[in-house]
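Both backbone and side-chain heavy atoms feed into the values below; hydrogens, waters and symmetry mates do not.
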Amino acid sequence: MKKVARFPNLLIAAAMTLAINSPVVASATQGDAPPPIDQSFTTFWRAAKGKPFAEQEKLWDKFIEAPREAVYQSVVWEVRNQPDWRQQKDLALSARFQEYQRIGQDIPEGVHAISDALNVQTKQFARYFGASGQPKVMVVLAPNFDAKSGVLPNGEPVLALAVDTLLLEKASLDIVLPHELFHLWDAEHAGITDDGVMPGTHLTLPLFEEGLATYVSSIVSPGHTDGEYLLQRDLGALPDGKLPEAAKRFLQEADELTIDPTKHATSKTFARWFEGGRTQFQADLPNRSGYWLGLHAIRLLARQHPLAEMASWPPAKAEQETRAALVVLAQGRQASLH
C-alpha cells in the first residue's frame, strides 16, 4: 500500500531476500543470493543490540544492505529522487533500532506469515487477473513504508514487503497483498510503473493507480471497511459530502509533477495528497487523502467500465478517465458512490 510516512512516524528499510520454501518470493540480487532473511536479521541484531547507533548502522550496512544493494538504492531509499536519503536513513534507522528491542524476536515468524499469505493471495488474485508467472517479491525491513512497488536498476518491477513495519502496524495481509500485487501486475501489463512516486508523471496518474489498487483489494478480499482498505480509519470515516471540494482542489493541482524537476525530490503537492506523517498537510482532510479520493473516482468509473478494462488502460488513458471522473465528483452529481 506504500503507506509512506516521513521517518518520524514510521521506521526503516533494508531489503532482505526471503530465502525460505516459498515459490513467490524472489532473490534480491542478481547472481549469488544473500543469506535467508531470518539468518541475516539474527546475525545483525545479535551483534548490534545494545551498541551505540554508529556501530549498529555499520553492522546494518554490512549484514543487511551490502548483500542487497540494488534493491536498497532503487526501492528502499529511492536514491535517485531523494537527495537527502542519507539523512533520512540515519534518522529512520535510529528510530527502528529502538523498535527492534520490542519486535526483533517476532521477525522470523512475521516472515513466514508473509510467505503463507502470499501463497494464498496470489491464488485469489489470479482469479481476477490470471496467472502470469511468479511475481517478483522481496521481503525487507523498512521504517518508511509497509509495502511498495519499485523498479530495480535493470528495469525489472519488484514488490518490497517490509516485515518489521507490517508487524508494527498489525497489518491485514489479505488487504495489503492484493493492493500491492496489483501494482506489480499493472507495471508489467499496462506500463504503469509505480516505483513509489512515479517520476516524470503528473498527479492524476498516482491518483488513478492508488485508487484502483485499493479498489482491487476490496474486490479480491471483500468484507472489510473503507478505513481498513485505506489502512487509515479517519480516511474511511470521511463523508461523501467532502468529495466535491476535494475533487475541485485536486483538479487545480492535477497537472503538477510528482517529482519536482528542479529539486529532484518529491513535490510538495504529491506529499500533500499521498504521504503520511505527523504534520497535517491539509486542514480539512487527513494525510493520504489522495488514496480516498482515488478510490471514489475508481468506484465512479467502475459503474461504466469493468475491472479488467480499467486495469488495461495505458497511462494516458488512465489519466484522461480519472480527470473526467474528478470533474463529475467536483460537480457533486453523485450523492453516494457506495
Trainee: Would you say that Leu293 contacts Leu285 through its side chain, given a criterion of any heavy-atom pair below 4.5 Å between the two side chains?
Mentor: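 Not touching, per the 4.5 Å side-chain cut-off.
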
Trainee: Within the side chain of Thr122, is there an N or O that forms a donor-acceptor pair under 3.5 Å with the backbone of Leu118?
Mentor: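 Here the side-chain-to-backbone pair exists.
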
Trainee: Please state whether the rings of Phe44 and Phe97 are parallel, tilted or perpendicular, taking 30° and 60° as the class boundaries.
Mentor: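 Answer is tilted, since the angle falls between 30° and 60°.
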
Trainee: Any sub-3.5 Å donor-acceptor pair from Asp234's side-chain atoms to Pro286's backbone N or O?
Mentor: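 Between the backbone of Pro286 and the side chain of Asp234 there is no qualifying donor-acceptor contact (under 3.5 Å).
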
Trainee: Looking at every heavy atom in both Leu173 and Ala113, which two are closest together, and how far apart are they?
Mentor: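 It is CD1-O, 3.9 Å.
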
Trainee: Could you check whether any side-chain N or O of Ser149 sits under 3.5 Å from a backbone N or O of Leu159, counting only pairs where one atom can act as donor and the other as acceptor?
Mentor: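 No, the answer is negative, given that no donor and acceptor are paired below the 3.5 Å cut-off.
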
Trainee: Is there a side-chain contact between Gln121 and Val220 (heavy atoms, below 4.5 Å)?
Mentor: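 Yes, at least one pair of side-chain atoms sits under 4.5 Å.
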
Trainee: With the side chain counted from C-beta on, respond yes when Gln87 and Asp84 share a heavy-atom pair under 4.5 Å apart, and no when they do not.
Mentor: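 Side chain of Gln87 against side chain of Asp84, heavy atoms only: contact under 4.5 Å found.
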
Trainee: Applying ring-ring contact (aromatic ring centres under 6.0 Å, His included), run through Phe129 and Phe182 and close with a yes or a no.
Mentor: CA-CA 9 Å; Phe129 296 95; Phe182 175 75; 5.6 Å; yes

Trainee: State, with a plain yes or no, whether a side-chain heavy atom of Met138 is found less than 4.5 Å away from one of Leu161.
Mentor: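 Of all side-chain heavy-atom pairs linking Leu161 with Met138, none is under 4.5 Å.
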
Trainee: Excluding sequence neighbours, so at least two apart, what forms side chain to side chain contact (heavy atoms under 4.5 Å, CB included) with Glu319?
Mentor: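 Testing Glu319 for side chain to side chain contact (heavy atoms under 4.5 Å, CB included), a comparison that skips the adjacent residues, returns His202, Thr204, Leu205.
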
Trainee: For a side-chain contact (heavy atoms from CB on, under 4.5 Å) check, start with the C-alpha distance between Val163 and Ile114, then their side-chain angles and the critical distance, and finish with the verdict.
Mentor: CA-CA 8 Å; Val163 58; Ile114 289 173; 3.8 Å; yes

Trainee: Grab the two heavy atoms, one from Phe274 and one from Tyr291, that are nearest each other, plus how far apart they are.
Mentor: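 Closest pair (atom of Phe274, atom of Tyr291, distance): O-CE1, 3.5 Å.
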
Trainee: In plain terms, say whether Asp226 and Arg299 are close enough for a salt bridge, that is, a side-chain N and a carboxylate O under 4.0 Å apart.
Mentor: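 Looking at Asp226 and Arg299, the cut-off is met.
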
Trainee: In Å, rounded to the nearest 0.5 Å, how long is the span from CD of Gln39 to OG1 of Thr43?
Mentor: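 Here the interatomic distance stands at 5.0 Å.
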
Trainee: Take Ser267 and Leu257 through the test side-chain contact (heavy atoms from CB on, under 4.5 Å) and record every step on the way to the result.
Mentor: CA-CA 7 Å; Ser267 71; Leu257 294 171; 5.8 Å; no

Trainee: Measure across Val176 and Ala171 and return the closest heavy-atom pair with its distance rounded to 0.1 Å.
Mentor: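 That closest heavy-atom pairing would be CG2-CB, 4.2 Å.
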
Trainee: Would you confirm whether Arg127, through its side chain, and Lys123, through its main-chain N or O, come within 3.5 Å as a donor-acceptor pair?
Mentor: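 No.
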
Trainee: Does any donor atom in the side chain of Glu65 or Trp60 lie under 3.5 Å from an acceptor atom in the other side chain?
Mentor: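 Yes - a donor-acceptor pair under 3.5 Å links their side chains.
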
Trainee: Show the nearest heavy-atom pair for residues Ser217 and Pro178, with the distance to one decimal.
Mentor: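 That would be CA-CB, 3.9 Å.
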
Trainee: Less than 4.0 angstrom from a charged side-chain N to a carboxylate O is my criterion; do Arg96 and Glu99 meet it?
Mentor: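 The answer is no: the pair does not qualify as a salt bridge.
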
Trainee: Would you name the heavy atoms of Val140 and Asp164 that are closest together and state the gap between them?
Mentor: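 So the two residues come closest at O-OD1, 4.1 Å.
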
Trainee: Quick one: does any side-chain atom of Glu321 pair with a main-chain N or O of Trp313 as donor and acceptor, under 3.5 Å?
Mentor: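 No, because the side chain of Glu321 does not come within donor-acceptor range (under 3.5 Å) of the backbone of Trp313.
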
Trainee: Does Tyr229 have its ring centroid less than 6.0 Å away from the ring centroid of Tyr215?
Mentor: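 No.
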
Trainee: If we ignore hydrogens and angles and just use 3.5 Å, is the side chain of Ser312 paired with the main-chain N or O of Glu309 as donor and acceptor?
Mentor: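 Answer holds: yes.
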
Trainee: For the pair Gln232 (side chain) and Asn287 (backbone), establish whether a donor and an acceptor sit closer than 3.5 Å, ignoring hydrogens and angles.
Mentor: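 Yes; at least one donor-acceptor contact below 3.5 Å.
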
Trainee: A side-chain contact here means heavy atoms from C-beta on lying under 4.5 Å apart; do Trp45 and Gln101 qualify?
Mentor: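 Side-chain contact under 4.5 Å: yes.
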
Trainee: Take Glu210 and Arg288, measure what side-chain contact (heavy atoms from CB on, under 4.5 Å) needs, and give me the verdict at the end.
Mentor: CA-CA 10 Å; Glu210 297 301 350; Arg288 298 178 65 252; over 6 Å; no

Trainee: Aromatic rings His179 and His183: how do their planes relate, parallel, tilted or perpendicular, breaks at 30° and 60°?
Mentor: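 His179 and His183: perpendicular rings.
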
Trainee: Scan side-chain atoms only and decide if Gln73 and Arg80 contain a donor-acceptor pair under the 3.5 Å cut-off.
Mentor: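 Result is no, nothing qualifies.
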
Trainee: Evaluate the criterion salt bridge (charged side-chain N to carboxylate O under 4.0 Å, His left out) for residue pair Asp255 and Arg323; output intermediate values, then yes/no.
Mentor: CA-CA 10 Å; Asp255 290 329; Arg323 185 180 291 273; 2.7 Å; yes

Trainee: For residues Phe270 and Phe281, establish whether the separation of their ring centroids is below 6.0 Å.
Mentor: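 No - the distance between ring centres of Phe270 and Phe281 does not fall below the 6.0 Å cut-off.
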
Trainee: So that I can tick it off, tell me whether Lys89 and Asp61 are bridged by a salt bridge, with the cut-off set at under 4.0 angstrom between side-chain N and carboxylate O.
Mentor: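 Salt bridge between Asp61 and Lys89, a charged N being under 4.0 Å from a carboxylate O: yes.
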
Trainee: Between Lys148 (side chain only) and Val75 (backbone N and O only), is there a donor and an acceptor less than 3.5 Å apart?
Mentor: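 Side chain of Lys148 to backbone of Val75, a donor-acceptor pair under 3.5 Å: yes, one is there.
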
Trainee: Between Val151 and Ser74, is there a side-chain heavy-atom distance shorter than 4.5 Å?
Mentor: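 Side chain of Ser74 against side chain of Val151, heavy atoms only: no contact under 4.5 Å found.
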
Trainee: Is it true that a side-chain atom of Gln282 and a backbone atom of Asp284 form a donor plus acceptor pair closer than 3.5 Å?
Mentor: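 No, because the side chain of Gln282 does not come within donor-acceptor range (under 3.5 Å) of the backbone of Asp284.
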
Trainee: Under 4.5 Å between any side-chain heavy atoms of Val216 and Ile219, yes or no?
Mentor: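 Not touching, per the 4.5 Å side-chain cut-off.
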
Trainee: Report yes or no: do Val120 and Leu181 belong to one cluster of Ile/Leu/Val/Met/Phe/Trp/Tyr joined by side chain heavy-atom distances under 4.5 Å?
Mentor: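 Not linked; separate clusters.
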
Trainee: Among pairs that include at least one residue of residues 233-259, which meet ring pair (Phe, Tyr, Trp, His ring centres under 6.0 Å), considering only residues two or more places apart or in two chains?
Mentor: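 For residues 233-259, and leaving out neighbouring residues, the ring pair (Phe, Tyr, Trp, His ring centres under 6.0 Å) pairs sorted by first residue read Phe250-Trp273.
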
Trainee: side-chain contact (heavy atoms from CB on, under 4.5 Å), that's the test. Do Lys49 and Tyr100 meet it? Break it down for me.
Mentor: CA-CA 9 Å; Lys49 187 176 181 179; Tyr100 286 159; over 6 Å; no

Trainee: Hey, is the main chain of Glu228 close enough, under 3.5 Å, to the side chain of Thr225 for a donor-acceptor pair?
Mentor: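 Looks like yes, one N/O pair under 3.5 Å.
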
Trainee: Out of curiosity, Ile103 CD1 to Leu167 CG, how far, rounded to the nearest 0.5 Å?
Mentor: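 Answer rounded to 0.5 Å: 5.5 Å.
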
Trainee: Quick one: do the Ser289 and Arg272 side chains pair a donor with an acceptor below 3.5 Å?
Mentor: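 On atom types as modelled, these side chains do not qualify, holding no pair under 3.5 Å.
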
Trainee: Looking only at side-chain N and O atoms, does Glu253 offer a donor or acceptor that is under 3.5 Å from a partner on Thr269?
Mentor: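 Side chains of Thr269 and Glu253: no pair found under 3.5 Å.
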
Trainee: Minimum heavy-atom separation for Val76 to Asn144, with atom names?
Mentor: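 Heavy atoms only, the tightest pair is O-ND2, 3.4 Å.
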
Trainee: Is the closest side-chain heavy-atom distance between Lys136 and Leu152 below 4.5 Å?
Mentor: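 Answer yes - side chains close enough.
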
